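Okay, so here's the structure we're looking at.
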Amino acid sequence: MAQMQKTLEVRNLRKSFGGVMAVDSVSLEVAQGEMLALIGPNGAGKSTCFNMVGGQFPPTEGEILLNGGDGTAVPIAGIGSRRIWQLGVGRTFQITATFTSMSVRQNVQMALLSRRHMIWKFWPRADDLLSDEALALLEQVGLQAQAERAAAVLAYGDLKRLELAIALAGAPKLLLMDEPTAGMASGERTALMALVRRLVSTTGISVLFTEHDMDVVFEVSDRILVLDRGRLIATGTGAEIKANEQVRAIYLGTGRTSGGH
Amino acid sequence: MILFQILTALGTASSLFLVAAGLTVIFGVTRVVNFAHGSLYMLGAYVGWVVLSHLPQTIFGFTLGCLVTAAIIGVLGVLIEICILRRLYRVPELYQLLATFGVVLIAGNVVQLLWGTRVVTLPRAAWMQATISVSGHPFPVYSVVMMVVGPLVLLALWLLFSRTRWGALVRAATEDREMVGALGIRQNILFTTVFGLGAALAGLSGALSLPQVAATSQMALSAVSDAFVIVVIGGLGSVTGAFLASVLIAVLQTFGAIIIPQYVMVAVFSVMAVVLVLRPNGLLGRAGKGGRAMGDLPKLVEGATKLVIGLGVIAFIAAALVPAFDTGYVLSIMQDALIAMLFAASLHFVMGPGGMPSFGHAAWFGIGAYGAALSASSWNLPMSESIVFGVVTASILAALVGSFMIRLSGIYLAMLTFAFAQVIWALATQMTGFTGGDNGILNLWPDGVFASPTAFYALVLALCAGGVLVLRRVLFSPFGFALRATRDASARAAASGIPVGPVRHVAFTISGGFAALSGGLFAFAKGSVFPTYINVSHSIDALIIVLLGGIQTMAAPVVGALVYTGLRDYLQAATTIWPMLLGIAIIVIVSLFPQGIGGAAEHWWARLGSRAKSKGG
Ligand SMILES: Nc1ncnc2c1ncn2[C@@H]1O[C@H](COP(=O)(O)OP(=O)(O)O)[C@@H](O)[C@H]1O
Ligand SMILES: [Mg+2]
């Protein structure tokens with residue numbers, strides 16, 4: 001089996017929806033311990049990339065390779081999101097998805113139960129299992145005060161935090177975050193992404209994320225990829241991206257530093 | 001000969017299509033699955049019989065009579081829409097369906113009051129029997145008329161939808177839900193007229209078919225089940241799809257009746273299953289956004305409060321004391337209620353926390369009952385072993401059937417479960433050598449230590465109460481959480497490593513097994529089994545119990561079983577118009593408590609609590 005150093009390697013990824021190319025020949029790499037930002041205007045194809053890497057749907061064409069831990073490259077294109085989770089990929093969704101009939105704590109417990117292979121227990125009360133561990137994760141994302149509230153009544157920013165805790169409960173090596181701060185106030189955004197940055201430095205996980213707030217992107221990311229109408233138009237460090245004419249024209253040129261809907 | 005069969009099939013296809021077309025258009029625009037559609041067809045047949053017997057027996061009289069009948073049933077449809085459905089468009093889909101089942105009960109009762117149980121037929125007039133020659137073969141005029149009616153109506157509907165403003169609205173509403181809200185006041189008019197049109201088509205079909213299909217008060221449910229199958233195969237909301245599916249089903253029914261008379265339903269069901277597995281949205285259906293089958297935002301599910309536990313203990317003690325006071329009527333009513341409770345709890349398990357609605361849960365009840373009865377009568381197994389045999393058989397079948405059922409969701413799943421139950425029912429009625437057909441299997445009695453009524457009652461109490469508690473416990477276990485997770489957010493669940501398909505599959509199997517346990521107990525409680533255990537009204541019983549109790553409420557099946565069994569048994573004993581009263585009660589309850597009685601009680605309880613708190617603080 002092929003060898004690889006990177007955590008994730010994507011080669012010539014394509015996705016067409018009924019003939020419309022949502023993602024066209026995208027290649028990218030995420031190194032271990034790297035925070036890579038994928039930016040671009042709405043409709044650029046960012047979420048589509050996330051959904052192919054996360055296994056929500058298969059790519060039309062292209063390769064997605066994941067580091068199997070010992071340096072072996074495991075092809076994951078089209079193998080389904082549960083298998084991809086087993087290989088150490090966690091994610092959050094652009095449209096938050098949480099378990100609405102459960103409390104905040106139970107949401108995280110659920111993810112922990114899954115990671116510990118305890119799904120097929122039919123008798124013990126789930127509420128009593130792994131509760132402390134769940135609370136510890138909630139503390140990390142700053143949700144411990146809301147642990148007993150119903151997930152269904154959380155404010156949008158808190159839902160995003162909860163999703164992060166759920167994703168972290170799977171102990172991922174690679175974290176995919178699709179607009180993790182949408183709906184948050186600007187101070188909150190910086191705080192949340194700073195938290196993720198700390199996680200990356202302490203645990204060495206890799207993060208691929210999208211974000212509309214450019215200040216946040218420049219502050220926390222190691223490298224930035226710019227996507228426009230399905231194609232990668234630039235890659236580089238924050239400074240390089242700021243200086244790139246093409247990016248300025250189609251993206252920053254409009255004067256937007258934040259945006260998105 | 002083959003040609004003749006094909007023409008017969010096309011005639012059948014026409015009458016199937018008229019019913020299905022109305023159902024599918026109504027669903028497309030209003031998103032209501034109109035269970036009462038078969039009743040409109042039945043009323044069309046009866047009203048048509050009255051109208052046609054007063055008209056000259058000529059082709060002109062027949063045409064006029066059918067059109068007049070269609071108009072009358074159309075107006076009736078308009079009234080039903082205005083008086084009942086209009087209040088329910090905001091209510092979750094399954095509750096709407098329940099309300100339309102209330103209409104089924106009322107219509108059936110009205111027909112029975114007016115025409116009794118006799119079979120109403122219309123002799124074929126001379127012109128119908130006259131033949132014309134098609135490529136040298138003589139064909140009755142009536143068959144030819146029937147054959148062309150379907151394509152003619154399809155053409156008329158196509159013209160209506162593509163050439164008129166009203167039709168453009170209908171198409172727009174079917175394709176784009178958002179747009180319907182923007183219609184404002186015109187939405188009411190659109191919904192009412194669409195319902196009227198659908199009803200008129202069903203009525204027309206009932207009248208047109210009279211010369212070949214006698215009117216009976218039983219025809220409503222078989223008509224609506226055919227229509228469901230057709231609409232699902234064709235694709236919900238697609239008229240052309242309904243036409244193609246009608247032809248397909250009519251051909252299957254016609255040739256099936258010659259080649260494999262006992263297995264026609266099985267063939268139809270298999271075709272439906274294959275179509276749904278290959279094309280989950282039917283032949284010409286579009287991928288719809290998942291509806292609100294069971295209502296919005298499931299609320300936080302919590303363990304029982306002290307009050308609920310206390311009430312449960314009191315109820316259990318009361319139930320345990322029954323034999324001390326009465327070993328006859330009251331005991332048997334209690335036994336029925338307990339069995340209904342377990343049956344409903346097994347449905348709640350898969351439908352509430354599992355999010356997989358079933359309109360055919362009686363299939364599992366019936367397999368459990370027949371499994372127990374057959375093994376007891378043909379192999380002389382003792383009662384306990386035969387009940388276990390039924391449960392095991394049902395679980396294995398549920399595991400098999402579940403493997404493709406769980407791929408579907410919402411209304412499609414509900415209809416597929418319904419069709420499956422119809423197949424099991426058909427097998428029970430038609431395999432007379434094996435199941436005794438309508439005569440059932442008799443002389444099953446509890447044996448050994450359970451021979452006395454009191455001992456058997458104790459067994460029923462223990463197994464039903466125990467079964468409900470076990471199901472409850474499982475819902476609070478890691479597996480139960482995983483099941484709810486797949487319902488709440490299946491993409492999230494999969495991305496967190498939860499095996500969505502297997503979890504749903506196991507839940508489906510467990511549910512089937514517990515339903516079969518209730519069925520096995522019922523077989524010995526009654527001493528006999530009949531196909532009626534499997535018929536649609538028994539499935540609906542369980543559905544009503546769960547929905548009345550409130551789908552999001554864990555105590556749903558218990559509360560619902562007591563209220564419903566009590567209400568029905570009381571009404572049945574008190575009056576012959578009980579179906580009508582029950583129907584009205586269902587409609588009223590659905591309108592007043594869209595969360596179910598249990599849900600409403602919890603809501604009031606919470607309000608009371610918060611009011612007390614705000615007063616105290
Ligand atoms: N499931 C889908 N079916 C059809 N088209 C889709 C689907 N998902 C995304 N698209 C289209 O693909 C393009 C990229 O969308 P998306 O990846 O969501 O962009 P972004 O996340 O960058 O805003 C858009 O034109 C969108 O309309
Ligand atoms: Mg996106």
Side-chain angles (χ1 to χ4, degrees), chain A residues 50-51 54-57 80-93 95-104 106-130 148-153 162-163 166-167 169-172 176, chain B residues 286-287 289-290 292 294-304 349 352-355 469-507 509-511 513-514 551-554 606:
Chain A
F50 277 90
N51 287 333
Q56 276 66 42
F57 46 65
S81 68
R82 181 162 179 269
R83 289 275 297 118
I84 290 175
W85 167 88
Q86 282 173 334
L87 291 164
V89 179
R91 71 163 297 173
T92 67
F93 291 83
I95 298 166
T96 52
T98 56
F99 309 129
T100 41
S101 67
M102 300 179 201
S103 72
V104 170
Q106 289 169 341
N107 265 268
V108 182
Q109 277 174 290
M110 181 74 258
L112 286 169
L113 285 166
S114 162
R115 160 142 163 259
R116 294 285 149 77
H117 310 291
M118 289 162 78
I119 296 295
W120 299 107
K121 288 187 185 299
F122 291 82
W123 203 246
R125 285 181 56 89
D127 204 42
D128 304 335
L129 302 170
L130 310 174
E148 300 310 319
R149 295 185 73 198
V153 302
L162 175 56
E163 265 211 287
I166 293 174
L176 309 173
Chain B
R286 291 156 184 274
K289 301 205 185 83
R292 304 179 310 128
M294 264 142 335
D296 296 324
L297 289 183
K299 60 175 196 52
L300 182 59
V301 177
E302 287 166 298
F349 185 84
L469 288 176
V470 166
L471 285 173
R472 232 190 95 84
R473 175 93 195 192
V474 170
L475 287 178
F476 285 101
S477 74
F479 175 80
F481 269 49
L483 182 62
R484 267 195 285 144
T486 65
R487 174 199 67 181
D488 289 354
S490 71
R492 167 83 271 162
S496 298
I498 296 170
V500 175
V503 164
R504 283 161 59 98
H505 198 173
V506 169
T509 308
I510 291 177
S511 164
F514 276 89
I551 188 91
Q552 306 302 356
T553 315
M554 291 285 187

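Order of the sequence lines fixes the chain letters, A, B, ..., with proteins taken first and strands second; residue numbering starts at 1 for each chain. No experiment lies behind these values; they were computed from the predicted model shown.
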At what distance, to the nearest 0.5 angstrom, does [atom1] of [X] lie from [atom2] of [Y]?
X: L475(B); Y: F122(A); atom1: CG; atom2: CZ; answer: 11.5 Å
X: Q106(A); Y: R484(B); atom1: CD; atom2: CZ; answer: 6.5 Å
X: S477(B); Y: L129(A); atom1: OG; atom2: CG; answer: 9.5 Å

Side chain R125(A), main chain F476(B), donor-acceptor under 3.5 Å: no
Between G170(A), P124(A), A169(A), G90(A), the one whose heavy-atom pairs under 4.5 Å with chain B are most numerous: P124(A)
Minimum-distance pair of heavy atoms, taken over all atoms of P478(B) and A126(A): N-CB, 3.6 Å
Shortest non-hydrogen separation from G497(B) to R82(A) and the atoms involved: O-NE, 2.7 Å
Residue among L483(B), I498(B), V506(B) satisfying side chain to side chain contact (heavy atoms under 4.5 Å, CB included) with I119(A):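 For I119(A), the side chain to side chain contact (heavy atoms under 4.5 Å, CB included) test succeeds with only one of L483(B), I498(B), V506(B), which is I498(B).
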Derivation of the side chain to side chain contact (heavy atoms under 4.5 Å, CB included) call for F481(B) and N107(A): CA-CA 9 Å; F481(B) 269 49; N107(A) 265 268; over 6 Å; no
Region of Q56(A) that comes under 4.5 Å of a non-hydrogen atom in chain B: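 Contact with chain B: side chain only.
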Contact class of T98(A) relative to chain B, heavy atoms under 4.5 angstrom: backbone
Option that, when pairs with chain A are counted at under 4.5 Å, heavy atom only, ranks first among P502(B), P499(B), A494(B), A493(B):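 Most pairs with chain A among the choices: P499(B).
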